Protein chains: 2
Amino acid sequence: MYGCLPKGDPMLSAGLPQGAVPKLERPGPLRDRVYEALLELITTRALQPGQHLVESELAGHLGVSRQPVREALQRLNTEGWVDLRPAQGAFVHEPTEAEADQLLTVRTLLEAEAARLAAANAGSAGVAALESLCAEGERAVAADDVDTAVALNAAFHAKIMDLAGNTVLAGLAAQVDRRVRWYYTPVARQRGRQSWIEHRALIAAITSRDEQLATTLMREHTEHTRRSYHERARS
Amino acid sequence: MYGCLPKGDPMLSAGLPQGAVPKLERPGPLRDRVYEALLELITTRALQPGQHLVESELAGHLGVSRQPVREALQRLNTEGWVDLRPAQGAFVHEPTEAEADQLLTVRTLLEAEAARLAAANAGSAGVAALESLCAEGERAVAADDVDTAVALNAAFHAKIMDLAGNTVLAGLAAQVDRRVRWYYTPVARQRGRQSWIEHRALIAAITSRDEQLATTLMREHTEHTRRSYHERARS
DNA sequence: GCACCGTAGACTGTAGACGAAAGACAATCG
DNA sequence: CGATTGTCTTTCGTCTACAGTCTACGGTGC
């Protein structure tokens, strides 16, 4: 076995199995973990909108110094999660009706473009992955496993982004999506069954490389979620 | 004069002239000024792509401590200007051909949507502002004042964003635009005359509230700039 | 002559401390 | 009795110091 080294690979290390190296899990920068923690706390409503975030408090609560907390807050600020008032501190951003609507508009735009690009670029492997996710999602809905269904929904859209092959678009969409999901959490559980039917149609459009149809379907799909948001808001 | 106080304004201060107060220009948070300074240095190519940015060096050069520099670098990282490799420091982001193309794609998308919304929402005041900017731009082009023309071009697009009335969209577009302009700077000087002709057509579409036409025109407009980028790259 | 190892330097990541601005509250003066 | 002003507390903004880690270079053994 060890004698079967590839030609152009002269004695690379000790013939370690290529991908199986555990990569020596490093804790990673502390600021990122603080960022993740805070984002989790915000999205789960543990930190309510408008709440004043005191740096020293958070630092003490997380067992770190103020600096990582500051850097995490900076990042959360640029991404629109907290408002950073000078010389006064950080406050959890308060979602507005108007803003939610704007976010949904932008999301529609980005997702529709992603669907178009996916239809243009996707290979059979990509389509297969979508099929798989869709099947799993339908199973989850059938079993009333809401959490799994929501997660699979996110994965489905992420996969389409991936197939679109535009990292810039993907980055923007990821941010917008996460915020939409924040505003939208109470509503998300309602739409489930219908959502996956629309996904099926979308896959068909991508498979047949029909860019126009894929765009239209995705636009309608996200517009539906938007409408249900507003209906929810009215009640 | 001083006796003419408005009814509902009982002795506000010492009758200071309302808008004429200089507002006591505050230096603002140091990190923001460092951010602006670094962004200026990057966009002007004073800091070249791929260059290693040493915190203590920058701090000393700007006359501040390392901390504001760190926070500025954090923000620049999230906005895609620098790459922050863990335990190794910050490097000015190196633009790729592929990435430039992706950015231009996204820009097209965002600007086109803005044009549509502007066509839907714009009042006569907004149209007048656009007319004014366009006239100024044409004058600048006629006078070969390239810098002013470029600035007015940015102002024109910003005004359309403003008229669209979607702050989320505006935020995303501002980021994308600035980066596009960075990649695109050497090319920008070429397209000038043609650009303002297209602007005229766009104004007409917005005035007549033709959303479809406005979208199409803006898409073609930004696609033209994209094409000239690639032609430039080939030479 | 080549490869490997050890050491030194530099830089980042994190912690703690000091000065300054903003807000709240109470005392004082008209 | 009300408005103003002074003080006081809280919290942010910035600076300095220390520990961990990566890189590069020189020495040593084969």
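Model, not experiment: these values are computed from the prediction.
Qualifying ring pair (Phe, Tyr, Trp, His ring centres under 6.0 Å) partners for B:His52, counting only residues two or more places apart in sequence or in other chains: B:Phe91.
Residue B:Gln88 contributes atom CD, which lies 10 Å from atom P of C:dG13 at whole-angstrom precision. Rounded to whole Å, the distance from CD on B:Glu55 to C1' on D:dT14 is 15 Å. Straight-line distance from the CZ atom of A:Arg85 to the C1' atom of C:dA22: 12 Å, rounded to whole Å. Rounded to whole Å, atom C1' of D:dC12 lies 11 Å from atom CZ of A:Phe91. Here the C1' atom of nucleotide C:dG19 and the CG atom of B:Leu30 are 14 Å apart, to the nearest Å.
Distances were taken from every side-chain heavy atom of A:His52 (C-beta onward) to each of C:dT12, C:dA22, D:dT11; the shortest belongs to D:dT11.
Between the side chain of B:Gln175 and the backbone N or O of B:Glu79, no donor-acceptor pair lies under 3.5 Å. The backbone N or O of B:Tyr35 lies less than 3.5 Å from no partner atom in the side chain of B:Glu71, so there is not a single donor-acceptor pair. A distance-only check finds a donor-acceptor pair linking the side chain of B:Asn121 to the backbone of B:Ala164 [under 3.5 Å]. Panel note: side chain B:Arg226, backbone B:Ala100; no donor-acceptor pair is recorded below 3.5 Å.
More than 12 heavy atoms of other residues, nucleotides or ligands sit less than 6.0 Å from atom CD of A:Gln51.
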Pairing annotation in dot-bracket form, given for DNA chain D with Watson-Crick or G-U pairs under 3.5 Å and | for cross-strand partners:
||||||||||||||||||||||||||||||
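Using cut-offs of 30° and 60° on the angle between ring planes, the pair B:His221 and B:His199 is perpendicular.
Backbone-only contact: A:Leu53 has heavy atoms under 4.0 Å from sugar-phosphate atoms and none from a base.
In this structure, B:Glu36 does not pair ionically with B:Arg33, as no charged nitrogen and carboxylate oxygen lie closer than 4.0 Å.
Taking a 4.0 Å limit (strictly below) on heavy-atom distances, residues 59-75 of chain A reaches DNA chain C at A:Val64, A:Ser65, A:Arg66, A:Gln67, A:Pro68.
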